[in-house]
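If you're wondering where the values come from, they're calculated on a predicted model, not measured in any experiment.
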Amino acid sequence: MTLVLWRHGQTDYNLEGRIQGRVDIPLNDIGRDQAASAAPDLVALNPAAIFSSPLERARQTAEVLASAIGLGVHVDNRLAERSFGRWEGLSRAQIEERWPEQFDVWRSGGDPEGVGVETRSDAALRVGTAMREIAAAVGGTAVVVAHGAAITLGTTHLLGLDPSSWFGLHGLGNCRYAVLNSMNRPPEWRISRWNGGGEGDSGDVGAHGGHLS
């Protein structure tokens, strides 16, 4: 089984450095161009099915690939981005100014309390479970179109690592993708590509970049 995890293209919130979370913002012109440019790489992976977060920026990205290969898009609500509660729509500077203590907790990798932010563990379990079930149902290569934090945390879950204390993956860049392959020994999944696509893509597992939103 193979999972191709594809982050959506750019939105205006990405461009402005705002936290998106569950805000249902569409792709901007750059994001649509990114999806069109990246789609041929994913077509070459011969996906058997495409699954998407319900949020518009992910669905729009998924539909570009679906049109290119003649597949439908299956929406799975569990693939939605991590909720950032009262912080959604704000810049990091605004968050730091209004909630300095919670901001410090978040930036150090903890779960800020009192502002409605979904915990790392809850998001990882939700998304990771969806990814595992999608892979099992498809059996071949499945493309999952989702979000920066959702993909990173879901992958951490699949690797059998504790999302509350392990921070070894950086978020994918807009319209970048990861490839995970199943294996017959723990942790059952391995990363063969991370942050693939775009100019200068080396396919290195250690490549990184992008915002977690």
Side-chain angles (χ1 to χ4, degrees), residues 1-14 20-83 123-124 126-138 140-158 169-181 189 191-198 201 209-213:
M1 297 181 292
T2 298
L3 281 170
V4 179
L5 310 176
W6 193 23
R7 188 187 173 202
H8 62 79
Q10 188 188 87
T11 69
D12 285 344
Y13 273 22
N14 289 142
Q20 292 181 121
R22 302 290 178 83
V23 176
D24 203 6
I25 186 170
L27 298 178
N28 59 21
D29 289 342
I30 291 174
R32 286 186 285 273
D33 289 343
Q34 288 173 332
S37 295
D41 280 356
L42 277 71
V43 170
L45 299 175
N46 297 314
I50 303 169
F51 289 78
S52 173
S53 156
L55 298 176
E56 185 174 5
R57 57 191 183 271
R59 288 188 292 105
Q60 287 179 316
T61 303
E63 285 162 3
V64 172
L65 177 62
S67 296
I69 55 180
L71 291 175
V73 175
H74 305 279
V75 173
D76 190 321
N77 291 336
R78 297 173 297 175
L79 299 175
E81 178 61 304
R82 180 186 181 190
S83 173
R126 167 175 59 81
V127 180
T129 298
M131 290 177 176
R132 182 181 290 110
E133 292 180 1
I134 287 169
V138 173
T141 298
V143 174
V144 169
V145 187
H147 312 267
I151 290 172
T152 301
L153 291 169
T155 300
T156 301
H157 176 80
L158 289 181
L169 291 173
H170 289 264
L172 300 177
N174 285 120
C175 258
R176 296 297 188 97
Y177 67 93
V179 179
L180 277 62
N181 299 109
W189 290 92
I191 301 174
S192 59
R193 174 168 290 192
W194 190 261
N195 212 42
D201 172 29
H211 299 288
L212 298 182
S213 56

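A donor-acceptor contact shorter than 3.5 Å is absent between the side chain of D12 and the backbone of N28. Although no hydrogens or angles enter the test, the distance criterion places a donor-acceptor pair under 3.5 Å between the side chain of R32 and the main chain of L27. Remark: side-chain polar atoms of Q34 are paired, donor with acceptor, to backbone N or O of Q10 under 3.5 angstrom. A donor-acceptor pair is defined here as one N or O able to donate and one able to accept, closer than 3.5 Å; such a pair exists between the side chain of W6 and the backbone of C175.
Scanning for side-chain hydrogen bond (donor to acceptor under 3.5 Å, both in side chains) contacts around T141 gives an empty result, with sequence neighbours left out. A135 meets the side-chain contact (heavy atoms from CB on, under 4.5 Å) test with M1, L3, W189; sequence neighbours excluded. The side-chain hydrogen bond (donor to acceptor under 3.5 Å, both in side chains) search around S53 returns H147, not counting sequence neighbours. With sequence neighbours left out, the side-chain contact (heavy atoms from CB on, under 4.5 Å) criterion links L71 to I50, I69. Applying the side-chain contact (heavy atoms from CB on, under 4.5 Å) criterion to P26, with sequence neighbours excluded, gives E56, Q60. Listed by chain and residue number, R78 satisfy the salt bridge (charged side-chain N to carboxylate O under 4.0 Å, His left out) test with E133 (two or more places apart in sequence, or in another chain). Applying the salt bridge (charged side-chain N to carboxylate O under 4.0 Å, His left out) rule to R126 yields the partners E118; only residues at least two apart in sequence or on another chain are considered. Applying the side-chain contact (heavy atoms from CB on, under 4.5 Å) test to N77 and every residue at least two apart in sequence or in another chain returns P54, V75. D33 meets the side-chain hydrogen bond (donor to acceptor under 3.5 Å, both in side chains) test with no other residue; sequence neighbours excluded.
Atom CG of L55 sits about 8.0 Å away from atom CD of E81, to the nearest 0.5 Å.
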Candidate pair R57 and T61, rule side chain to side chain contact (heavy atoms under 4.5 Å, CB included), full reasoning: CA-CA 6 Å; R57 57 191 183 271; T61 303; 5.6 Å; no
Verdict with supporting geometry, H157 and T129, side chain to side chain contact (heavy atoms under 4.5 Å, CB included): CA-CA 8 Å; H157 176 80; T129 298; 4.2 Å; yes
Step-by-step side chain to side chain contact (heavy atoms under 4.5 Å, CB included) determination, Q20 to I25: CA-CA 8 Å; Q20 292 181 121; I25 186 170; 3.2 Å; yes
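Counting heavy atoms from C-beta outward, I151 and W194 have side chains that approach closer than 4.5 Å. For the pair N174/I30, no side-chain contact is recorded, criterion being any heavy-atom separation below 4.5 Å from C-beta on.
Looking at L153, L158, L79 one by one, the single match for side chain to side chain contact (heavy atoms under 4.5 Å, CB included) with V127 turns out to be L79.
Applying the salt bridge (charged side-chain N to carboxylate O under 4.0 Å, His left out) definition to pairs two or more places apart or across chains, none involves residues 140-151. Among residue pairs with one or both ends in residues 40-77, those qualifying as ring-ring contact (aromatic ring centres under 6.0 Å, His included) are F51-H74; sequence neighbours excluded.
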